[in-house]
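In what follows, a structure is listed as C-alpha cells, so that the remarks can point back to it.
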Amino acid sequence: MKNLALIFSLFITTLMFSQQQGTVAGTILDKELNNEPLLFANINIKNTPTTVQTNFHGNFEIHDINPGNYTLVVSYLGYETIEVPIIIEENKTTQIINGLETKKINLQDIARLQRVSEEPAYITANSEQSSRK
C-alpha cells in the first residue's frame, strides 16, 4: 500500500512539473532621454491580471506564461501607452526591447480645459423625507 501511495504521488508531481511554460523579459527605454532606462514602467499582459514593473535598469521579467500569442501593454504616467504583440513558446524566453515617447499635448486641449474650469458650477441637493404612519 505504501508503494502504491509513493508511485501515485510521484506521478502527480511529474504531471505538475511537466507543464511547459515560457517567459517574457525585456527592457523599456525612454525615447525622449536618449534611450535611458525607464524606471517603474507598468507591463501588463492584456486581458490577464498579470502586471509587473520595470526595475532601476528598466528591465522586467514575467515567468510561467502558457504558450500562445499575447499582447504586452506598456504604460507610464505622462508617456504614450504601447501594445507589443508577443509569442510565448515552451521553455523559451521571449526578449523585448522597446521605448516610450512622451504624450503630446496641444494648446487647443489646454484652452478647452480652461473654458470648462471657468464655467460656474451648480450644486443641487435632494433630500428624501420618509413618512411614518
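When a residue number appears, it is its place in the shown sequence, counting from 1. All values below come from the heavy atoms of this structure, side chains included, with hydrogens, waters and symmetry mates left out.
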With sequence neighbours left out, the residues meeting side-chain hydrogen bond (donor to acceptor under 3.5 Å, both in side chains) with Glu89 are Lys92

Using modelled atom types only, decide if a donor and an acceptor are shared between the side chain of [X] and the backbone of [Y] within a distance under 3.5 Å.
X: Thr94; Y: Ile87; value: yes
X: Asn69; Y: Pro85; value: no
X: Thr54; Y: Ala41; value: yes

Check which hydrophobic residues are tied to Ile97 through side-chain heavy-atom contacts below 4.5 Å, counting indirect links as well, and list them.
-> Leu29

Linked hydrophobic residues, Phe56 as query - side chain contacts closer than 4.5 Å = Leu39, Phe40

Distance from Thr51 atom OG1 to Ile45 atom CD1, nearest 0.5 Å?
-> 8.5 Å

How many angstroms lie between atom CG of Leu33 and atom CG of Leu100, to the nearest 0.5 angstrom?
-> 11.5 Å

Shortest non-hydrogen pair, Ser75 vs Thr81, comes out as CB-OG1, 3.6 Å

What pairs meet the salt bridge (Lys or Arg N to Asp or Glu O under 4.0 Å) rule with one or both residues in residues 32-41, with sequence neighbours excluded?
-> Glu32-Lys104

For Phe60, enumerate each residue passing the ring-ring contact (aromatic ring centres under 6.0 Å, His included) test, keeping only those at least two apart in sequence or located in another chain.
-> none

Are Val73 and Val84 linked, directly or through other ILVMFWY residues, by side chains that come within less than 4.5 angstrom of each other?
-> no

Only pairs at least two apart or in different chains count here, so list each ring-ring contact (aromatic ring centres under 6.0 Å, His included) that has a residue in residues 71-101.
-> Tyr76-Tyr79

